[in-house]
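These numbers come from a predicted model, not from an experiment. Heavy atoms only: backbone and side chains are in, while hydrogens, waters and symmetry mates are out. In this chain, residues are counted from 1 in sequence order.
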Amino acid sequence: YLEKSTREQSSTSFHLASPMNTNFAHQKEELQAQHERRFQRFVTGAAAGSAALTALSLGFASPRQCFQLPTSATSMSSTLHPGHAVQAALPCAAGGRGASRTLGAVASVLASRRAFVGLRRRLLVSGHRTQRPFFGDLFGPEEVIDPDDPGRVGVCGEYQNMPGSMVASEQSEFGWALVTRHDASEQDEFWIGDATGTVTQEWRELRLSGTSETRPGMTAGTGQSVVKVSICDGATPQMVPYCMALAYTKSLCAAALSGAHLQGAMPLDGEEMPTFRALVIGLGAGSIPVWLKHTFPKGKVIVDALEIDPAVVTVATNAMGFPKEAIRPASDAKAAAADASSGADGESMRVYSIPGEDFVDALAGLAGEDYMYDLVFIDAFDKNGKVPPVLVDASEPFLPSLNKLLAPKATLVLNLLVGMTGSGSSGGPKEIQAMVSAIHGSCCDPESSEVFTIRTPIKESSGNQIYGFLRAGRAGSKQTPLKEALKASAEAVNTDFPPDQLGQKLRFDFARRVVFSYQDWRP
């Protein structure tokens, strides 16, 4: 297709120019030679085209820096991404100078704003709305990924950058929480309890917008969460617990569970599995707490979720299917900590509309050694996409207090918004290095702990970078690279993790996620 288009372009240029040049044969020969040179440069660069995409996804280089990609991946890594160890050299040496320029051009086009505008719009074709694939067939036929996952990438075009209709809005001192609905093509009639009518399913998207007197439009603000809900005869929507729509939440869960298994904290025999405690900072729509409760065997997980914005909690329960019984009454952090430590009336999933740093500080002073978190998810952002500094600054009380609440073999995962180039709303390399160093220094064993970073897969990515902290690290020999050991644990979890509450195995692949754009991190 590319060769045909290029040749057609040359042919068009020739027909437009030929009346202006009396030397017909000479111009034809010149244009054909120009085309052949251009096409050969493209072929040379395309042979190593994956290097440009990898450089962007790993955060090695900005689009401009891709124009000067060195032929040595090692030198590029050490120059542009200090603190990380590259696992494999990028195949960019073959193209030489011409390839580097072409790779830079490809990377710049793919990373530029114009390349993404309209990629998810729906077109009216013969009366039917069709979706454009994310990258079309530029890289070959679309791979079928996680066919049993109802939130797989193949259906994300039903809500991603699509017009929807507003179903809920709520205002607080932090701004607006907006919920829109989108049609879902796949229906499975999931419903808890007796359905009084026909059950239908649709996508619901949560967006957060800044403060304003009037309600913003549907596309205002920043996309926060997407869930699939079941609706029946006017009843409150129910979240489909096994459908995790966003790629970054899948990668967070894959990294957390694989890390726990790798450290020996999570035996995969349902009877031998201890009861896990998970702390989720940043509720959003609540897909991570709901997925954890549904996925673990009954009685094997207790989830504490914290959300500072009451408007988010309101729309999550009223419009996005998060169970209302999980919302705990607590007037302040001390009351919330007391409720959690006393068992929360037997609730295994509880949400407190309390700042995360206040809750953790209060709980650290109240709970005993028997109240320890095995899994911690930090997925909190302000309206500008920045992680609140109080959560990632070692001089603030949050991290020292969290350290007191971590089990010896705890796994902590951190979500950051860094864009496709490694510098985004969460900060650039220096800011990220400071945040990761603060968490590692405060919450990890300085001698044995291990830290890694991954990205969400390229076709599913919205610019998320995830850091995983293994508090104790692997026991015994560490001759096997952490990447290989983590992948082996992910494969074991996929294969042997007990069935969920519906008797089904894990529905998306962990191993692919825990090694995508993988890098070791070292202080």
For this session: Using the side chain to side chain contact (heavy atoms under 4.5 Å, CB included) rule, take Val514 and Phe452 through it: C-alpha gap first, then chi angles, then the decisive distance, then the call.
Result: CA-CA 9 Å; Val514 300; Phe452 63 92; 5.6 Å; no
What's the shortest heavy-atom distance between [X] and [Y], and which atoms?
X	Y	answer
Met266	Leu257	CE-O, 3.3 Å
Glu491	Ala511	CG-CB, 3.6 Å
Val301	Ser348	O-CB, 3.7 Å
Leu283	Ala305	CD1-CB, 4.1 Å
Ala340	Arg350	O-NH2, 3.4 Å
Pro400	Pro397	CD-O, 3.4 Å

Are the side chain of [X] and the backbone N or O of [Y] linked by a donor-acceptor pair below 3.5 Å?
X	Y	answer
Thr495	Ala492	no
Arg471	Cys443	yes
Gln263	Gly473	yes
Gln224	Ala285	no
Ser449	Ala472	no
Arg507	Cys243	no
Lys478	Ser448	yes
Lys250	Met244	yes
Ser341	Ala338	yes

For this session: With side chain to side chain contact (heavy atoms under 4.5 Å, CB included) as the test, would you mind laying out the steps for Val390 and Phe398 before giving the verdict?
Result: CA-CA 7 Å; Val390 293; Phe398 171 75; 5.5 Å; no
Taking the side chain as C-beta and beyond, is there a heavy-atom pair between [X] and [Y] under 4.5 Å?
X	Y	value
Leu402	Leu279	yes
Asp379	Tyr248	yes
Phe322	Val351	yes
Phe469	Val376	no
Gln160	Trp203	no
Tyr373	Asp304	yes
Thr411	His261	no
Trp521	His440	yes

What distance separates [X] [atom1] from [Y] [atom2], expressed to the nearest 0.5 Å?
X	Y	atom1	atom2	result
Leu292	Lys300	CG	NZ	15.5 Å
Glu450	Cys444	CD	SG	10.5 Å
Ile454	Ser251	CD1	OG	5.0 Å
Arg204	Met320	CZ	CE	8.0 Å
Ile327	Glu347	CD1	CD	10.5 Å
Asn415	Thr456	CG	OG1	8.5 Å

Exercise. Angle class for the His294/Tyr242 ring planes (parallel below 30°, perpendicular above 60°, tilted otherwise)?
Worked result: tilted
Exercise. Using 30° and 60° as the class limits, which term best fits the ring planes of Phe296 and Phe497: parallel, tilted or perpendicular?
Worked result: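 Aromatic pair Phe296/Phe497 classed perpendicular.
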Exercise. Does a side chain donor of either Asp309 or Ser172 reach within less than 3.5 Å of an acceptor in the other side chain?
Worked result: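 Judged by distance alone, the side chains do pair up.
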Exercise. Is the shortest distance from a Lys or Arg side-chain nitrogen in Asp146 or Arg512 to a carboxylate oxygen in the other one below 4.0 Å?
Worked result: yes
For this session: With side-chain hydrogen bond (donor to acceptor under 3.5 Å, both in side chains) as the test, would you mind laying out the steps for Asn403 and Ser442 before giving the verdict?
Result: CA-CA 7 Å; Asn403 181 54; Ser442 300; over 6 Å; no
For this session: Indicate, with yes or no, if the rings of Phe510 and Phe508 have centres closer together than 6.0 Å.
Result: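 Between Phe508 and Phe510, which both carry aromatic rings, the centre distance is below 6.0 Å.
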For this session: Under the side chain to side chain contact (heavy atoms under 4.5 Å, CB included) rule, what do Lys483 and Asp520 come out as? Steps first, then yes or no, please.
Result: CA-CA 8 Å; Lys483 178 181 179 180; Asp520 290 316; 5.6 Å; no
Problem set entry | salt bridge (Lys or Arg N to Asp or Glu O under 4.0 Å): pairs with one or both residues in residues 386-403, sequence neighbours excluded |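 Not a single pair qualifies under salt bridge (Lys or Arg N to Asp or Glu O under 4.0 Å).
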For this session: Could you list all the salt bridge (Lys or Arg N to Asp or Glu O under 4.0 Å) pairs where at least one residue sits in residues 273-283, not counting sequence neighbours?
Result: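 Qualifying pairs: none.
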For this session: Evaluate the side chain to side chain contact (heavy atoms under 4.5 Å, CB included) criterion for residues Val515 and Leu486: first the C-alpha distance (whole Å), next the side-chain angles of each, then the deciding distance (0.1 Å), finally the verdict.
Result: CA-CA 8 Å; Val515 298; Leu486 190 65; 5.9 Å; no
For this session: May I ask you to check whether over 12 heavy atoms, not counting those of Lys505, lie within 6.0 Å of atom NZ?
Result: yes
